[in-house]
Amino acid sequence: MNLFDTILVADWSAAKRMGPKPKRDAIWLGITRDGTSQEPVYCRSRQEAEREIVEIIEAEIAAGRRLLCAFDFPFGYPQGFARHVTGSDDPFGLWDWFEAHIRDGQDGTNNRFDVAEKLNEMFDGLGPFWGKPNRDEWLGVPYVKSGILFDRVAEKRACDTVSKASSSCFQLFFNPTVGSQQMLGLPMLNRLRRLNGVRVWPFEALEDAPVVLAEVWPGLIENSVKAELANEGSEAIRDRTQVRMLANALARLPKDSLMDHMTSLPSVAREEAWILGAGLTEELNAAAVSAPPLRNDCFALPQGVHWTPVDEALDLLRHRLTTITKVEQVDLSYAHGRIAAADVIAVRANPPLPNTAVDGYGFAGGRAEGVHRIPLADGRAAAGDAPDQLPDGHAIRVLTGAALPQGVDTVILQEDVRVEDGHVLFQGALKQGANTRKAGEDVEVGDLILRAGRQVTSADLALLAATGVASIAVRVPLRVGVLSTGDELVEAGATAAEGQIYDANRPMLLALLSQMGHRAVDLGRAPDNRAKLRKTLDESAARVDAIITSGGVSAGDEDHVSALLDEAGAMALWRIAIKPGRPLALGLWNDVPVFGLPGNPVAAMVCTLIFAGPALAQLAGADWQAPQGFDVPAAFEKRKKAGRREYLRARIRDGHAEVFASEGSGRISGLSWAEGLIELHEEERDIRAGDIVRYIPFGSFGV
């Protein structure tokens, strides 16, 4: 359990107003709410960011959630500076001073160098502030630090030394710097602290304050951020990644650890402020990683196992693989096909109010047999109208979907009434509540409407929207790379020499993975050269979350995939009692799971559907996916030997299962012909036409 329900991390900026396209050196807000990472917010200006933060503060207080707002610039200056400027050690007096003197325009132009010049004039000789865009302006601000003695105040605060922060709050220009951010950020903080429920750490007692403002330094998780940026590639925006990871790290710190850290500070922190997390670098870096890596032995088989039955192989995968994908918050328009990362609760009932199921006339109470005549009130109730009060003893015109006016609990179809002289006439009997829907009869507020691990469907989106849910936490799509191996392979359309074949596996596997909802990454082809394959695997492991290879997974001289995985010390060659298939090389390469499939396209597809599909789904955060099969009569005959589970390419015609004319795994045309698989279990069986067999359509595998 954490000390705060919601963490907001703000990456502040002293730059001018940014354009509409998200970019680095802008202001980014990272938010983790109830343990779920939200999509980082890009702010084009400091004014826009302040408005966004105020709205978040108000929303979190209204929702009863405790909020920590952490900003990446110093809250205070070295000891003695506040007294030198304001005559008091009170840090808030210094905040007031900056708010009174800083001018910050909507376009980002500001007077921070003028203010620094004014502050330097308060010191004998060279003042502490230095760094500027050019040498010829603001003559009271040195261009470089050389010559500044820092004899009246120290260059750095105590917490900067503890955290090994590289810059000083007096440095206004040249990276790394926080001085300009601080000067332009303190006036904003001063306005925030005046909001109801807001307290500032470590200057004020927190107790149960709904909102706490604190200082943080992203450099505390630099190692984790670098590793993440390497995975995200050249398109990644560092500041965006940084705020997301830091918010997650703070949210994952244990409550007791964070509480102890925030309450065990040296006395100097009351004046200089303190960096949240200073001294907790190791814990924060560990918490910044979203999912634990898989163990090296996760694919190891029990001792003495030589041929693994299909069900045992699936059971091993199910219990040894864990989710490795991260979590983000997305609007419903981006949620289709994504995997829900958390249970979703209805925030509004469906229907929200009692309403009518038909066009007709509404009134109170049922009616006995006989003729009834009820006076008709003025107006009508249509869908979207706010409920009105119906006079006692009257009826009112209602249209399908309209909220029932107060005093209406029964509706009669318009076809069953006659209207004359301002009355409605109809023949009873009519049961009370007829033709109406009760509020919440479909879904009540607080009902569970979507479970974590479910892949979101279009129907789910309708339910989510109807119950007031605008965004949900989902898993980031699993990036799965596809690599073909072998000197015999050439690209489709190229000239194939004698002995060469076209690479059929890669386009097939890339398409299958996309259909399953993963982000398929084409890793190309690798030759039968161990050094080149090792280099390809190294490069690929930095780009993707999992790798699928085809070919090279047996134990021959040219089976380099299994040989390299064996060298890495995290490899298991599963000889599975399956037809088509058998060899399946599983292992880790630089902590990335590798699924080595047979080179034969038919075996590669069957092994992907049966083994890789559910395993990848579990890595992606989905529920374990066992395909739904159907018992149907056979339109074929076959004598099956005992020992292996067999999968026949099949399709349904006239309610019977047909199988492809040849079982040969080299007949790729059978994959195109088929619409599913017939699954025959390990037992010996003599199948005759009309016998019941289990048919699994490709749709049950998600493809």
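Note that these values count all heavy atoms, side chains included, but never hydrogens, waters or copies made by symmetry.
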Quick check: closest heavy atoms across [X] and [Y], and the distance to 0.1 Å?
{"X": "L186", "Y": "P74", "value": "CD2-O, 3.9 Å"}
{"X": "V211", "Y": "C69", "value": "CG1-SG, 4.3 Å"}
{"X": "V469", "Y": "I472", "value": "CG1-CG2, 3.7 Å"}
{"X": "W28", "Y": "K23", "value": "NE1-O, 3.1 Å"}

Does the side chain of [X] pick up a donor-acceptor pair with the side chain of [Y] at under 3.5 Å?
{"X": "E137", "Y": "N134", "value": "yes"}
{"X": "N248", "Y": "T32", "value": "yes"}
{"X": "H518", "Y": "R479", "value": "no"}
{"X": "W130", "Y": "N120", "value": "no"}
{"X": "D114", "Y": "W138", "value": "yes"}
{"X": "T109", "Y": "D107", "value": "yes"}
{"X": "R112", "Y": "S180", "value": "yes"}
{"X": "S37", "Y": "E328", "value": "no"}

Residue pair L29 / P40, side-chain heavy-atom distance below 4.5 Å = no

CZ (R451) with more than 12 external heavy atoms under 6.0 Å = no

Can you tell me how far apart [atom1] ([X]) and [atom2] ([Y]) are? Round to the nearest 0.5 Å.
{"X": "R33", "Y": "I56", "atom1": "CZ", "atom2": "CD1", "value": "7.5 Å"}
{"X": "S13", "Y": "R46", "atom1": "OG", "atom2": "CZ", "value": "6.5 Å"}
{"X": "L119", "Y": "M183", "atom1": "CG", "atom2": "CE", "value": "5.5 Å"}

Are the side chain of E271 and the backbone N or O of G80 linked by a donor-acceptor pair below 3.5 Å?
-> yes

By side-chain contact (heavy atoms from CB on, under 4.5 Å), which residues pair with V162, not counting sequence neighbours?
-> W274, A278

Compute the centroid of each ring, for F173 and then for F129, and state whether the two points are separated by less than 6.0 Å.
-> no

Determine, for F92 and R193, whether the Lys NZ or Arg CZ falls below 6.0 Å from the six-membered ring centre while staying within 45 degrees of the axis.
-> yes

Under-4.0 Å salt bridge between R194 and E99 = yes

